[in-house]
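All remarks here apply to the structure that follows.
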Amino acid sequence: LRGAAMPAQQPQPQQVDCGVDFHEYASFRENLLSAALRACYLGGRTFFLESCAAAVDEFCAAAAPAPSPSPAAPRPPPPPAVPPQVPYQLEAALFCLGAV
């Protein structure tokens with residue numbers, strides 16, 4: 001799941017037209033993809049849920065603020081930037097959970 005799914009979003013005016021009809025994609029996502037996810041869940045419930053939970057954990061770990069250092073402690077290095085795909089992975093994991 002992590003990094004493998006793409007969320008449905010309304011196209012933004014500044015986005016390049018990639019030749020995909022948004023309404024066809026939304027229909028696919030809500031019907032065919034949901035049915036496929038339910039089949040995956042029925043085929044391996046534990047693995048499916050653990051995979052979704054791992055994706056949510058990854059998002060939470062990436063988005064967690066660094067703890068505030070005490071005034072006497074040396075400043076830790078800044079946390080790495082959250083990769084731009086991580087919020088999409090969270091949305092995909094939540095969609096997968098909602099589909100089942």
Side-chain angles (χ1 to χ4, degrees):
L1 257 187
R2 288 177 274 166
M6 295 191 52
Q9 294 185 341
Q10 286 288 354
Q12 300 296 316
Q14 71 271 18
Q15 291 179 334
V16 176
D17 182 10
C18 61
V20 175
D21 180 276
F22 176 76
H23 298 290
E24 285 181 27
Y25 173 71
S27 177
F28 158 79
R29 188 173 190 255
E30 294 301 322
N31 299 302
L32 188 61
L33 181 58
S34 292
L37 289 169
R38 284 189 293 278
C40 289
Y41 172 74
L42 293 174
R45 290 180 170 127
T46 301
F47 178 76
F48 187 90
L49 293 176
E50 286 175 353
S51 181
C52 290
V56 172
D57 286 344
E58 183 178 334
F59 173 81
C60 293
S68 298
S70 67
R75 278 203 171 281
V82 175
Q85 72 274 15
V86 171
Y88 295 112
Q89 293 169 0
L90 174 65
E91 196 278 337
L94 296 176
F95 178 81
C96 291
L97 289 169
V100 298

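Computed from a prediction, not measured in an experiment: that's the story for all the values here.
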Revision key, fill the gap. In terms of heavy-atom contacts, Cys52 and Cys96 come closest through SG-CB, 3.7 Å

Revision key, fill the gap. What one should report as the nearest heavy-atom pair of Leu37 and Val100 is O-CG1, 3.8 Å

Practice item. Using modelled atom types only, decide if a donor and an acceptor are shared between the side chain of Ser51 and the backbone of Phe47 within a distance under 3.5 Å. Key: no

Exercise for review: Find out whether Leu42 and Phe48 are in side-chain contact, i.e. whether some heavy atom of one side chain is under 4.5 Å from a heavy atom of the other.
Suggested key: no

Exercise for review: Please report the shortest heavy-atom distance between Phe95 and Arg29, naming the atom on each side.
Suggested key: CZ-O, 3.3 Å

Point to revise | Which atom of Ala99 lies closest to which atom of Arg38, heavy atoms considered | key: O-CG, 3.2 Å

